[in-house]
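Worksheet: one structure, shown below.
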Amino acid sequence: MSDDSRNHLARAGETALYDELSRSNRVTTRSWYVATGIAFLVFAFGLGAFIYMMATGMGVTGLNRPVFWGVMIILFVFWIGVSHSGTLISAILRITQASWRAPVLRGAEAMTVFALMVGGLFPIMHLGRNWRFYYIVPYPSERQLWPNFRSPLVWDMVAIATYLTGSILFLYFGMIPDLAVARDRSTGWRKKLYTTLAAGFRGSHAEWRRYHVTSTLFAVLIIPVAVSVHSIVSWDFAMAMVPGWHSTIFAPYFVAGAIYSGIAGVITVMAALRWAFKLENHLTERHFDNLGKLLLTMTLIWGYFYFSEFLTTWYSRLPEDWALISSYGGHYLPLFLLMLVCNFLIPLPLLSLGKVRRSIPAIFAVSLVVNVGMWAERALIVVPSLARRNDPSIWHNYFPTWVEISFITGALAMFALLYLLFAKLLPVMAISDIKDHLFRTTDRSVGGTVVPSVAEEESGKEGTP
Amino acid sequence: MLDRRDFLKLGGATAFAALFGGCERLPRKIVPFVIPPENHKLGEALWYASVCRQCPAGCGIVVRVAEGRAKKIEGNPLHPVNRGKLCARGQAGLQVLYHPERLGRPLILSGPRGSGKFREASWEEAIAALMAGMKKVRTDDPASLLMLTEPMRGHANLVAARFMRAFGSPHRVAWDPFGQDALLSACDAVFGVRDVPEYDIAGARYVLSFSGDFLETGLSPVHYGRAYGRMRQERPTVRGKLVHFGPRLSMTAANADVYLPIAPGTEGLAALGIAHVMVKEKLSPAAAAASSLWGSGLDRMTPDAVAQATGLVAADIAAVAREFAGNRPGLAIAGDAAASCTNGTFNVACAALLNALAGSVGAPGGVSFPNRLAPFSRYGADAALLLPPPESGYPALREAIGKMERGAFRMALLSGAANPAFCLPASLKFGEALLKVPLVVSFASFLDETTSLSDLVLPVPTYLEEWGDDIAPAGHAGDAVTLSQPVVDAYRDTRAMSDILIAAGKELGGPVAAALPWASFRECVDKAYGGKGVNLEEARRQGGIFTGKPGPSRPTPKAARPALPKPSAAAFEGDPAKYPFVLHVYPSIAHADGRGANLTWLQEMPDPVTTAVWRNWVEIAPETARRLGLADGDGVTVTSPSGSLEAFVVIHPAIAAGVAAMPLGQGHARYGQHAAGRGGNPFALLPAGEDAGSKGPARQSTRVALAKAKVAGTLVRTVNVEGQWKYENIL
Amino acid sequence: MKHKWAMVIDMDRCTGCGACVVACAAENNTPTAGEAEAAKGRLMHWLRISRYWKREGNETRAIFVPTPCMHCEKAPCEIVCPVYATYHDEDDNLNAMVYNRCIGTRYCANNCPYSVRVFNWWNYTWEKPLDEQLNPDLSVRSRGVMEKCTYCIQRIRRARETAISERREIRDGEVVPACAQTCPPGAIVFGDTADPDSAVSRVLKDPRVFKLMEHLGTDPSTAYLKKQRGPGR
């Protein structure tokens with residue numbers, strides 16, 4: 001949509017703006033019910049499969065010796081990776097004050113929380129005795145037993161718990177002004193809900209000041225948490241003496257992959273939101289163009305990390321590593337090609353074209369392809385290294401069973417379900433930020449004329465960081 | 001309600017009864033012990049010594065029994081055959097004892113004959129049926145009673161033999177598919193002794209194995225396995241060397257320093273090639289003095305001629321001959337695959353000849369013939385019943401089948417340990433012949449192919465629940481008699497075959513009762529060994545009577561001037577154009593004659609060479625696979641002139657060209673849920689051929705064709721087929 | 001009394017017969033996996049024999065490597081277990097397993113380069129009366145926990161209790177794991193390296209000694225003796 005209409009909205013007043021931005025909350029279409037219904041069914045099937053697995057035994061999966069970790073860990077790494085970018089984009093864009101960030105923020109932050117919720121389930125699901133998961137939680141037990149803090153899995157638990165808490169708080173605090181707006185403009189049970197959640201935000205000067213300080217603090221602090229979380233997840237693998245896992249590059253490589261995967265996820269989710277809730281005015285081609293440029297950057301960075309890791313391993317031909325590499329050309333060739341094509345060979349040329357980046361269907365497709373490629377990349381990290389590990393006499397292939405496939409679909413459905421519910425109940429667009437931004441690009445009356453103007457707030461003023 | 005007096009009486013009675021556990025008394029469901037018997041201490045286990053009967057070797061075992069349950073079987077450290085060691089089959093004996101499919105009640109046929117449909121009956125009814133049959137046969141024609149068992153030893157064999165003799169029937173057949181017929185004939189021809197030799201592998205410096213299987217199956221795998229270990233590393237400065245000739249790299253061959261592939265059935269020629277070099281180059285005193293051999297045909301067995309016939313390299317023959325002669329004491333051993341050809345006796349005799357030429361007969365590290373029955377001289381002729389020569393019984397069985405066909409038998413007594421319906425070539429049509437016998441009685445613990453053909457099945461205890469004795473056919477020098485005892489109370493309603501025969505004798509009366517004058521088989525064994533300074537209880541505690549004083553060796557009159565065995569070539573059925581591969585069958589280490597196939601521990605034990613479990617396979621060379629377009633794990637049909645079956649391909653990197661190998665023991669049709677339906681039975685591919693010299697079964701006497709086929713299922717290999725070539729990765 | 005249990009497997013004596021595998025399964029209440037599970041790579045044997053092929057020119061040799069737990073002094077499995085379900089027993093220098101602490105993350109199995117660890121995928125059952133054979137000295141593991149060779153710790157404990165009650169030290173040769181006890185060629189030697197006169201201490205001085213994957217620095221307690229080759233042809 002053109003700038004005119006934006007200014008028109010700014011002129012037209014808050015109500016129209018609010019109505020447009022909160023369309024998802026106010027209007028419940030049939031397609032929402034259908035989508036939620038389908039997501040719920042698929043999620044329920046996955047949940048049922050999990051209960052079946054918990055009641056019967058891990059044997060219902062395709063896991064074996066030596067492939068003791070499979071789809072559940074792949075999903076774990078994948079979803080934690082997807083969760084990254086939400087917060088990272090939001091944080092980085094806030095700090096750099098990127099002018100186009102406003103409509104993307106909320107969706108991205110929500111992505112983080114829900115992806116974490118999904119991903120954080122898998123470490124508990126993949127346990128052989130998940131009903132005893134609390135042994136890993138450091139609490140003073142009568143047996144005076146603490147968990148083994150030297151184990152990367154305990155670091156995982158700490159990191160993910162921290163990240164989840166942090167992201168939820170980040171999301172929530174960011175939403176408070178919007179919840180206040182929604183509170184003021186809604187009725188009935190929604191009003192009650194938003195009143196509770198808005199925590200009495202009145203828009204006073206002091207509150208806004210605190211809001212800006214908190215947002216900035218969170219934005220700054222969540223970055224190291226996010227980086228550390230995926231580094232720690234990578235160390236689940238890198239700390240092990242498994243050929244193909246024991247690599248020093250894993251921490252930056254995983255973080256880069258997570259950001260890559262996450263940005264693609266943001267593009268997917270934003271495109272979906274735009275289409276579903278008719279937010280064409282606010283999520284414009286420019287946003288996708290910029291996100292596309294970020295994605296291209298990550299394609300290059302990911303490709304660079306992968307290539308360096310591969311080159312050194314392949315070049316040295318150490319017997320243990322070589323057994324793994326040859327499997328990429330053998331049994332795991334389809335998976336390897338899938339990853340290469342989807343992670344690099346398709347995104348690189350396409351994202352380099354502005355035409356593709358600015359075509360929302362095209363970039364949506366590319367983002368899906370990237371996430372398929374990233375899933376394949378996770379699979380390629382977890383499975384072949386175990387299937388072709390140190391002792392060749394026990395090499396064995398792995399293929400997921402229906403239980404694990406239902407976890408894949410169930411995780412996706414759970415994420416979609418959470419997002420659908422979120423979009424229905426809570427402000428999916430960062431209204432106050434958008435207003436903030438719109439305020440700067442609006443018509444101003446100067447004397448007797450109305451002129452379009454773009455103004456930036458000066459830093460150092462009251463209420464700004 | 002019980003009053004206190006009755007309660008204590010009851011408790012005491014129970015304890016008293018439990019003390020005499022092992023009698024043919026059933027455990028009654030009664031209140032738990034108030035006063036536990038002496039040997040039931042919670043947390044402490046008792047060890048009972050007995051004998052293992054999972055194969056003919058007769059190793060001594062001790063069984064750990066806790067609270068009346070057998071928990072673990074170990075080798076008896078005092079027993080000279082195995083000295084505390086035990087093989088996988090011996091370890092799996094616990095699964096025989098506690099098998100869910102063990103017969104617990106007598107069974108009477110309730111369907112058509114041969115259907116294997118039975119109804120449970122009481123012992124009274126069963127014994128009544130048995131005695132009715134026996135009495136009728138005794139009256140009409142005592143010679144029409146057939147007894148077909150596995151080769152029995154000790155006093156159990158004595159009881160069975162005396163029973164048949166007194167009953168008036170000469171028809172006793174003892175069947176073991178892997179009998180040592182060729183070895184016995186060969187030793188008779190070369191050494192003048194018709195007996196199984198002792199091979200002092202532990203003391204040898206150089207062992208030649210001609211398709212030897214002494215480490216895996218054969219007559220005494222634990223004894224020879226132990227000896228092998230000592231041959232290698234027990235002596236500080238001497239490490240024995242093992243060279244194996246054979247069509248296939250077997251488990252035994254895998255442990256050899258040198259494996260030389262030869263065409264099937266040419267073991268004898270290979271041995272003669274070595275003998276030729278030894279005699280020609282006068283490499284030992286005996287070889288130097290063997291001019292008679294040279295003249296009678298050994299001169300024609302040049303390395304080149306032998307290389308031509310066997311597929312060996314001529315230089316290898318000469319090199320091995322020189323090493324063999326130069327590293328005395330040397331031993332030459334021939335195994336089952338050499339013996340079970342149509343020229344089996346020739347093959348084994350040539351190997352035996354090498355021992356004579358190397359001067360190893362009667363010397364340490366060589367071959368000897370101890371008098372294993374030395375303790376039983378007082379038995380006279382009956383002594384041979386305690387340790388009959390370990391023959392297969394093939395000629396007698398074939399004759400018996402013929403007689404069955406002609407209706408010569410009115411009643412057959414079968415022992416469940418022999419399963420001729422499974423391990424005889426199908427062309428002999430054993431099952432059909434057996435059904436021509438009007439009354440077939442089996443003494444068995446499990447329903448297998450043979451027992452399923454019976455009219456009456458009497459459940460017998462397993463070997464861990466029986467009194468008895470045993471003399472091992474190899475591994476001792478006549479200084480060991482093993483005593484067996486029940487290690488647990490019988491928990492199934494079973495009666496030992498010997499006890500049934502003794503009781504039958506009493507009922508038949510007359511000479512039969514007189515021939516078996518004891519109240520029970522236990523009394524027979526007690527009387528045989530008790531008294532005369534033998535503390536029977538102490539002997540049972542030790543597992544036998546081990547004097548440690550070897551008896552005098554038997555003389556070997558022909559060894560000084562051995563004659564050249566008459567050359568004969570192995571014959572293979574089937575037109576080579578139509579059946580391009582020679583079938584090499586071998587008893588698998590887990591199942592042997594098939595009796596272990598219903599035990600999950602043995603089914604799940606990976607085969608040493610192929611690492612396959614749970615199913616049958618056929619091994620072919622890589623070139624064969626390439627030519628036929630077969631990959632590892634593909635399904636094939638294996639067809640011989642006698643039969644066909646489906647199996648999975650295993651590509652074996654060290655097998656002679658033109659040979660397809662299959663293990664024996666798998667492929668049951670009826671033997672329980674674990675054994676049945678695991679592929680075809682390779683015994684069904686075999687012709688009814690025999691070894692010319694000894695008339696024993698010639699299993700390596702057919703050709704087969706292989707054709708790719710779609711076979712349901714997969715062959716499970718526990719070692720990864722790709723990874724098995726990457727040994728360097730773990731160093 | 002502190003011990004340092006160790007095992008030496010002489011590959012020149014080992015014939016690959018597999019008696020040790022069945023003996024271990026009998027001693028340690030190992031469930032049967034069945035053909036379907038075995039096809040999925042889920043055999044439950046604690047001790048396996050890895051049979052390798054090695055090509056040397058025209059010849060192919062078979063190499064049998066019985067592989068129990070190495071009981072590494074620097075065990076990679078211990079450090080990664082989040083709940084200390086596997087730890088180093090200081091009194092016996094063993095890598096010990098606590099079944100009721102294990103939550104089944106399977107990280108230890110991933111970090112074991114020898115892949116000797118085995119996971120309970122199901123609640124295995126023993127069809128009656130096969131359960132009568134179960135060894136009362138050790139547990140039957142529930143589903144969801146890892147297990148592995150323990151150097152027959154139940155036998156070590158029994159010997160220790162007997163020795164304590166008789167007020168003496170454990171004698172060399174008194175503790176024999178099931179595999180060593182049954183091995184016909186006597187390929188497996190087991191004992192206490194803290195006792196310089198024990199059989200295993202003597203055997204460890206043999207120049208043929210090597211350990212698997214020694215370069216990984218796990219410092220295994222299970223060592224091997226190289227198979228020798230006879231001279232000449």
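Below, chains carry the letters A, B, ... as their sequence lines are ordered, and counting in each starts from 1. All values below come from the heavy atoms of this structure, side chains included, with hydrogens, waters and symmetry mates left out.
Chosen from C:Leu225, C:Asp131, C:Leu43, C:Val21, the residue pairing most often with chain B at heavy-atom distances under 4.5 Å is C:Leu43. Counting heavy-atom pairs closer than 4.5 Å to chain C, the top residue among B:Val609, B:Thr714, B:Ile589 is B:Val609. Taking chain B as the reference chain and counting heavy-atom pairs below 4.5 Å, the highest number among C:Gly41, C:Ala26, C:Gly186, C:Ala178 is found for C:Ala26. Top candidate by heavy-atom pairs under 4.5 Å with chain B, chosen from C:Val22, C:Thr30, C:Asn135, C:Asp10, is C:Val22. Ranking B:His223, B:Met231, B:Glu604, B:Arg226 against chain C, the residue ahead of the rest is B:Glu604, based on heavy-atom pairs under 4.5 Å. Interface check for chain C: of the options B:Ala45, B:Ala70, B:Ala227, B:Ala88, the most heavy-atom pairs under 4.5 Å are formed by B:Ala88. Note on B:Glu216, B:Arg615, B:Met605, B:Glu74: by heavy-atom pairs under 4.5 Å with chain C, the leading option is B:Glu74. For the set C:Ala25, C:Ala33, C:Ala23, the entry with the most heavy-atom pairs within less than 4.5 Å of chain B is C:Ala23. With chain C as partner, the option from B:Cys87, B:Ala315, B:Pro653 having the largest number of non-hydrogen pairs under 4.5 angstrom is B:Pro653.
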Going through the checks in order, is the salt bridge (charged side-chain N to carboxylate O under 4.0 Å, His left out) test met by C:Lys54 and B:Glu728? CA-CA 9 Å; C:Lys54 195 168 166 197; B:Glu728 325 71 58; over 6 Å; no
Under the side chain to side chain donor-acceptor pair (under 3.5 Å) criterion, do B:Gln91 and C:Glu27 qualify, and how do the steps go? CA-CA 10 Å; B:Gln91 289 284 347; C:Glu27 170 80 12; over 6 Å; no
Run C:Asp137 and B:Arg64 through salt bridge (charged side-chain N to carboxylate O under 4.0 Å, His left out) and show every step you take. CA-CA 12 Å; C:Asp137 288 346; B:Arg64 178 172 181 241; 2.9 Å; yes
Apply side chain to side chain donor-acceptor pair (under 3.5 Å) to residues B:Gln724 and C:Arg51 and explain how you reach the verdict. CA-CA 7 Å; B:Gln724 62 186 350; C:Arg51 190 272 298 119; 2.9 Å; yes
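Residue C:Thr182 holds its OG1 atom at 10.0 Å from CD1 of B:Ile73, rounded to the nearest 0.5 Å. The OG1 atom of B:Thr600 lies 13.0 Å from the CD atom of C:Glu35; values are rounded to the nearest 0.5 Å. Here the CD1-CD distance, from B:Ile730 to C:Glu214, works out to 12.5 Å after rounding to the nearest 0.5 Å. Rounding to the nearest 0.5 Å gives a distance of 10.5 Å between CG of B:Asn255 and CE of C:Met11. Going from atom CG of B:Leu599 over to atom CG of C:Leu130 covers 9.0 Å, rounded to the nearest 0.5 Å.
Donor-acceptor pairing under 3.5 Å is recorded for the side chains of C:Gln228 and B:Gln233.
Interface residue B:Thr610: only backbone heavy atoms are found under 4.5 Å from chain C. With a 4.5 Å cut-off on non-hydrogen atoms, C:Ala187 does not touch chain B at all. Both the backbone and the side chain of B:Glu234 come within contact range of chain C, each with at least one heavy atom under 4.5 Å from a heavy atom of that chain. Looking at C:Phe210, only its side chain comes within 4.5 Å of chain B, counting heavy atoms on both sides. For B:Arg89, no part sits under 4.5 Å from any heavy atom of chain C, backbone or side chain. In this structure, the portions of C:Leu212 lying under 4.5 Å from any heavy atom of chain B include both its backbone and its side chain. With a threshold of 4.5 angstrom between heavy atoms, C:Ile49 approaches chain B through N, CA, C or O but not through any side-chain atom. Only the side chain of B:Tyr228 comes within contact range of chain C, with at least one heavy atom under 4.5 Å from a heavy atom of that chain. In this structure, no portion of B:Arg102 lies under 4.5 Å from any heavy atom of chain C. Heavy atoms closer than 4.5 Å to chain C are found in the backbone of B:His99, but not in its side chain. In this structure, the portions of C:Asp12 lying under 4.5 Å from any heavy atom of chain B include both its backbone and its side chain. For C:Lys227, the part lying near chain B is the side chain, with the backbone staying farther off; criterion is any non-hydrogen pair under 4.5 Å. There is no contact between C:Ala36 and chain B, counting heavy-atom distances below 4.5 Å. Of the two parts of C:Arg208, only the side chain, counted from C-beta on, holds a non-hydrogen atom closer than 4.5 Å to a non-hydrogen atom of chain B. With a threshold of 4.5 angstrom between heavy atoms, C:Cys20 does not approach chain B through any atom at all.
Counting only distance, with no hydrogens or angles, the side chain of C:Lys128 and the backbone of B:Tyr98 share no donor-acceptor pair below 3.5 Å. The backbone N or O of C:Pro136 sits nowhere less than 3.5 Å from a side-chain atom of B:Lys71 that would complete a donor-acceptor pair.
Two residues are said to be in side-chain contact when any heavy atoms from C-beta on lie closer than 4.5 Å; C:Arg158 and B:Glu44 meet this criterion. Contact check for C:Arg48 versus B:Thr718: no side-chain heavy atoms found under the 4.5 Å cut-off. At least one side-chain heavy atom of C:Val65 sits less than 4.5 Å from a side-chain heavy atom of B:Tyr727. Side-chain contact between B:Glu101 and C:Glu127 is absent, with no heavy atoms from C-beta onward closer than 4.5 Å.
Closest heavy-atom contact between C:Ser50 and B:Val719: CA-CG2, 4.1 Å. When all heavy atoms of B:Trp725 and C:Arg55 are compared, the closest pair comes out as CH2-NH2, 3.4 Å. When all heavy atoms of B:Leu249 and C:Ala62 are compared, the closest pair comes out as CD2-CB, 4.2 Å. Between B:Tyr491 and C:Pro129, the shortest heavy-atom contact is OH-CG, 3.4 Å. Contact between B:Lys85 and C:Cys183 at its shortest, heavy atoms only, is CD-O, 3.0 Å. When all heavy atoms of C:Met213 and B:Asn729 are compared, the closest pair comes out as CG-O, 4.3 Å.
Salt-bridge formation is not detected for the pair B:Asp257/C:Arg61: no Lys NZ or Arg NE/NH1/NH2 atom is positioned less than 4.0 Å from an Asp or Glu carboxylate oxygen.
Exactly one residue among B:Asn82, B:Leu86, B:Val222 makes a side chain to side chain contact (heavy atoms under 4.5 Å, CB included) with C:Pro184. That residue is B:Val222.
Dense packing is recorded around CZ of B:Arg678, with more than 12 heavy atoms of other residues, nucleotides or ligands lying under 6.0 Å away.
Aromatic pair B:Trp601/C:His45: centroids not less than 6.0 angstrom apart.
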